[in-house]
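Each chain gets a letter, A, B and so on, in the order its sequence line appears, and its residues count up from 1.
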Number of protein chains: 2
Amino acid sequence: MGMGVIETTKKRAQAVETAVELPRELPVGQILDGDCIAAMKRLPTASVDLVFADPPYNLQLGGDLNRPDGSHVDAVTDDWDRFDSFQTYDAFTKAWLAEAKRVLKPDGALWVIGSYHNIFRVGAILQDLGFWILNDVVWRKANPMPNFRGTRFTNAHETLIWASQGEKAKYHFNYRAMKTLNDELQMRSDWVLPICGGQERLKEGGTKVHPTQKPEALLYRVLLSTTERGDVVLDPFFGTGTTGAVAKRLGRQWIGCERDSIYRGAALKRIEKELPLDESALTTMQAGRSAPKVAFGALVENGYITPGTQLFDKQRRWLATVRADGSLMCGKQAGSIHGLGKDLQGAPSCNGWTFWHYEVDGDVKPIDAARQVYLLAVED
Amino acid sequence: MGMGVIETTKKRAQAVETAVELPRELPVGQILDGDCIAAMKRLPTASVDLVFADPPYNLQLGGDLNRPDGSHVDAVTDDWDRFDSFQTYDAFTKAWLAEAKRVLKPDGALWVIGSYHNIFRVGAILQDLGFWILNDVVWRKANPMPNFRGTRFTNAHETLIWASQGEKAKYHFNYRAMKTLNDELQMRSDWVLPICGGQERLKEGGTKVHPTQKPEALLYRVLLSTTERGDVVLDPFFGTGTTGAVAKRLGRQWIGCERDSIYRGAALKRIEKELPLDESALTTMQAGRSAPKVAFGALVENGYITPGTQLFDKQRRWLATVRADGSLMCGKQAGSIHGLGKDLQGAPSCNGWTFWHYEVDGDVKPIDAARQVYLLAVED
DNA sequence: AAATGACCTGAATCCAACA
DNA sequence: ATGTTGGATTCAGGTCATT
């Protein structure tokens with residue numbers, strides 16, 4: 001697979017050098033120096049599982065922004081400069097998003113965080129590039145900075161976008177882990193988390209090392225929800241390495257890009273100290289579909305449900321008989337627990353495990369109860 | 001001031017006709033028929049104080065969706081939400097936003113609501129047109145529809161953008177009213193409100209009249225925060241007239257655009273029944289005050305206590321009127337439920353929840369009773 | 001009457017592994 | 001590619017009938 005780098009004659013010599021320094025193996029556990037676009041160009045196509053990006057929010061803070069012709073952008077006051085700077089920001093955004101898309105595996109995903117200053121541009125551009133938005137997630141800050149002048153609403157949130165490679169692309173979502181994390185309710189698109197402060201906030205001589213250090217809890221949720229253990233996570237705007245620290249803790253591999261040597265030093269020191277969680281802690285709740293599947297026939301086979309047992313729906317509209325092969329019969333109709341339930345109701349689908357019930361010791365229980373008992377017995 | 005219409009010789013005759021039917025006076029209290037872009041072109045430049053827009057979201061839904069119990073989800077599949085491509089949607093968005101900008105006064109403002117399907121494109125385009133984003137506001141739905149297949153995070157919010165005419169433009173923000181409404185805390189950029197249902201939801205023969213009717217509490221907060229009494233509010237996507245109904249209630253003037261005659265009919269009927277709040281209820285807090293603990297304003301906003309309601313102490317020594325922002329007025333004195341109670345009694349402190357009473361169905365109850373009802377409804 | 005429970009619904013880009 | 005099949009999947013609030 002090619003590197004996707006546009007090779008001009010000028011750049012070719014450099015590319016050869018790079019090939020010596022960075023062979024095909026991914027530079028996991030490393031912070032790549034320099035501009036993130038150039039750094040990403042040195043990574044192989046379709047090689048990382050997740051990109052998490054916290055790009056500069058505007059031109060004033062993003063000192064690495066230049067016009068396409070290379071000239072530097074400074075004052076952003078009048079209308080012309082505003083227009084010019086939006087254009088410049090868009091070009092920069094398009095460039096790094098395109099590289100991120102190339103580097104991602106087909107079933108990889110992208111997270112970007114931003115505020116109203118930049119997130120609308122970022123969102124529109126990633127849609128234009130073919131990314132498919134899966135959710136926008138609101139980080140609701142538990143303790144935001146107040147609006148001191150009383151001129152607007154307290155800016156109390158930031159927005160994250162989660163996107164796959166395209167409309168039909170696969171992606172990973174640990175639904176069950178999120179539901180468990182959220183007290184057995186589906187995790188919503190609004191996350192209430194405190195801002196980064198206290199012991200977690202990196203400081204040097206009393207002043208914060210990085211102006212926009214993100215809370216680890218935010219990365220924890222991002223990585224736990226959309227990566228698996230061992231996955232490679234790329235952060236093009238690594239800063240002080242929150243992504244790397246949480247990735248290491250959660251048993252994920254990481255790659256960073258960062259042009260500021262002070263941030264790089266702080267990040268490496270920080271990640272060095274981080275301890276990975278141990279095996280047992282990293283085992284999360286599994287979704288039903290990756291849990292061992294149980295055929296209804298196995299319950300019959302093993303005597304948990306006897307052939308001839310009468311099953312019925314909760315309203316007792318239909319009565320079916322269990323046959324020796326685990327199929328059901330109701331009148332002249334027969335089929336699997338799911339298929340028969342579907343046909344009888346004329347529904348598009350049916351979960352037979354919760355639809356069919358049976359009597360046991362005078363109680364009415366869904367047949368799923370028998371499956372639970374069976375699973376407990378088999379697990380040992 | 002000109003009409004801003006590009007006058008070709010063909011259109012001139014029509015323009016004269018229009019001038020007869022729609023003279024310089026704004027068509028306040030009217031719903032303009034037809035496409036909103038064409039309708040807005042008939043309005044004078046710099047004539048309205050606020051635009052609130054709930055444009056099509058371009059949902060791009062796939063096949064059918066069923067709940068786990070097999071029931072069918074009634075999706076938004078209306079023609080008005082279908083666009084060929086992002087390009088088509090962008091062109092449409094740019095056209096109506098440009099008209100909105102022309103029609104707005106120099107110190108006017110724009111609100112747009114959307115979801116991740118469209119809001120990034122809308123936000124980027126309005127920035128390109130020179131609008132200056134003041135806040136993005138998140139409507140956190142108290143009761144969103146779950147993600148039935150467990151494939152993503154529950155899509156539990158929508159996003160509003162509030163923008164002025166430009167970076168240097170003036171705009172209106174009723175900081176004090178918002179702070180009072182939010183229990184003496186600055187109003188944040190995330191608003192928790194239930195979706196529109198129950199009695200508020202317009203129905204005809206048991207089915208909803210409009211698939212995406214917005215809750216009145218949302219418009220209440222928008223109009224109270226960024227308009228003054230008598231201001232003209234334009235809604236280019238009027239639908240069933242939530243904007244008009246709340247505007248009338250709050251003593252604002254309104255203009256709507258709507259091409260569907262069924263929606264227009266329902267909106268006119270609805271607004272007809274709406275009663276404006278009286279003078280005293282509409283006077284909101286202008287000066288600072290300290291106190292309460294639970295937001296009395298939330299009860300007002302959500303209709304548990306109507307602005308204009310008369311409150312009194314148990315001995316009926318004082319009579320106070322509830323105002324739109326949740327403050328009380330008694331004679332010339334005004335304040336929060338606690339502060340005013342304290343001042344009137346000359347006491348060091350006062351628990352407004354137990355001090356103030358109101359009549360409901362002939363019974364006299366402390367306002368704390370309304371809080372209890374509200375808490376039961378809101379609690380999670 | 002108050003409490004309980006069944007049933008319905010809401011701006012939704014909603015499956016995966018086979019043959 | 002495309003169709004088929006197995007089987008996994010929901011929260012809050014309102015309405016209305018029943019206890």
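- Backbone-only engagement by Lys208(B) is indicated by non-hydrogen atom pairs under 4.0 Å involving sugar-phosphate atoms exclusively.
- Atom CG of Leu319(A) has more than 12 heavy atoms from other residues, nucleotides or ligands within 6.0 Å.
- Base contact: Pro55(B) has a heavy atom under 4.0 Å from a base atom.
- Of the candidate nucleotides dA11(C), dA8(D), dT13(C), dA8(D) has the atom nearest to the side chain of Arg149(B).
- In this structure, the nucleotide among dC14(C), dA11(C), dA12(D) sitting nearest to the side chain of Thr151(B) is dC14(C).
- Regarding the sugar-base torsion, dT4(D) falls in the anti class, its angle being beyond 90° of 0.
- Comparing dA12(C), dC14(C), dT9(D) by their nearest atom to the side chain of Tyr116(B) picks out dA12(C).
- Note on residues 339-352 of chain A: no pairs pass salt bridge (charged side-chain N to carboxylate O under 4.0 Å, His left out), not counting sequence neighbours.
- Between His338(A) and Trp353(A), the two ring planes are perpendicular [angle over 60°; tilted spans 30° to 60°].
- Using a 4.0 Å heavy-atom distance criterion, Glu167(A) is classed as making no nucleic acid contact.
- By the 30° and 60° cut-offs, the orientation of the rings of Trp191(B) relative to Trp111(B) is tilted.
- Side-chain atoms of Asn155(B) lie closest to dT13(C) of the nucleotides dT15(D), dT13(C), dT9(D).
- Judged by distance alone, with hydrogens and angles left aside, Arg67(B) brings a side-chain donor or acceptor within reach of the base of dG10(C), the pair sitting under 3.5 Å.
- Annotation: proximity of residues 349-357 of chain A to DNA chain D (heavy atom, distance under 4.0 Å) is found for Ser349(A), Cys350(A), Asn351(A), Trp353(A), numbered in ascending order.
- If you check every strand for non-hydrogen atoms under 4.0 Å, Asn147(B) touches a base.
- Interface remark: the Lys214(B) side chain does form a donor-acceptor pair with the dA11(C) base, using a distance-only criterion of under 3.5 Å.
- Counting non-hydrogen atoms under 4.0 angstrom, Asn118(B) reaches nothing in the nucleic acid.
- Within 4.0 Å of Pro194(B), counting heavy atoms only, lies no atom of the nucleic acid at all.
- Note on Gly63(B): a base of the nucleic acid sits closer than 4.0 angstrom, heavy atoms only.
- Among the protein residues, Asp81(B) comes within range of the nucleic acid bases, having at least one heavy atom under 4.0 Å from a base atom.
- Side-chain proximity of Ile195(B) to dA11(C), dA12(C), dC15(C): nearest is dA11(C).
- Looking at heavy-atom distances under 4.0 Å, Ile337(A) makes no contact with the nucleic acid at all.
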Quick one, Asp190(B) with His157(B), criterion side-chain hydrogen bond (donor to acceptor under 3.5 Å, both in side chains). Give me CA distance, side-chain angles, the key distance, then yes/no. CA-CA 10 Å; Asp190(B) 60 307; His157(B) 74 274; over 6 Å; no
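- Nearest to the side chain of Tyr175(A), among dC11(D), dT10(D), dA11(C), sits dT10(D).
- Both the sub-6.0 Å distance and the 45° axial angle are not jointly satisfied by Arg121(B) relative to the ring of Tyr89(B).
- Closest to the Asp74(B) side chain, of the nucleotides dC11(D), dC14(C), dG10(C), is dG10(C).
- In DNA chain C, runs of at least 3 stacked Watson-Crick or G-U pairs (N1-N3 plus N6-O4 or O6-N4, or N1-O2 plus O6-N3, all under 3.5 Å) give these stems: C:2-10 with D:11-19, C:15-19 with D:2-6.
- Nearest nucleotide to the side chain of Leu59(B), out of dT9(D), dT13(C), dA11(C): dA11(C).
- Checking the phosphate oxygens (OP1, OP2) of dA8(D), a side-chain nitrogen or oxygen of Arg371(A) falls inside 4.0 Å.
- Within the nucleic acid shown, Ser115(B) has no heavy atom closer than 4.0 Å to any nucleic acid atom.
- Ring-base stacking between Phe148(B) and dC14(C) is not satisfied when judged by a centre separation under 5.5 Å and a plane angle under 30°.
- Residue-level contact check: Trp139(B) touches neither bases nor backbone, having no heavy atom under 4.0 Å from any strand.
- The side chain of Pro146(B) approaches dC11(D) more closely than any other nucleotide in the set dT15(D), dG7(D), dC11(D).
- Distance from the side chain of Leu65(B) is smallest to dA12(C) among dA12(C), dA11(C), dT10(D).
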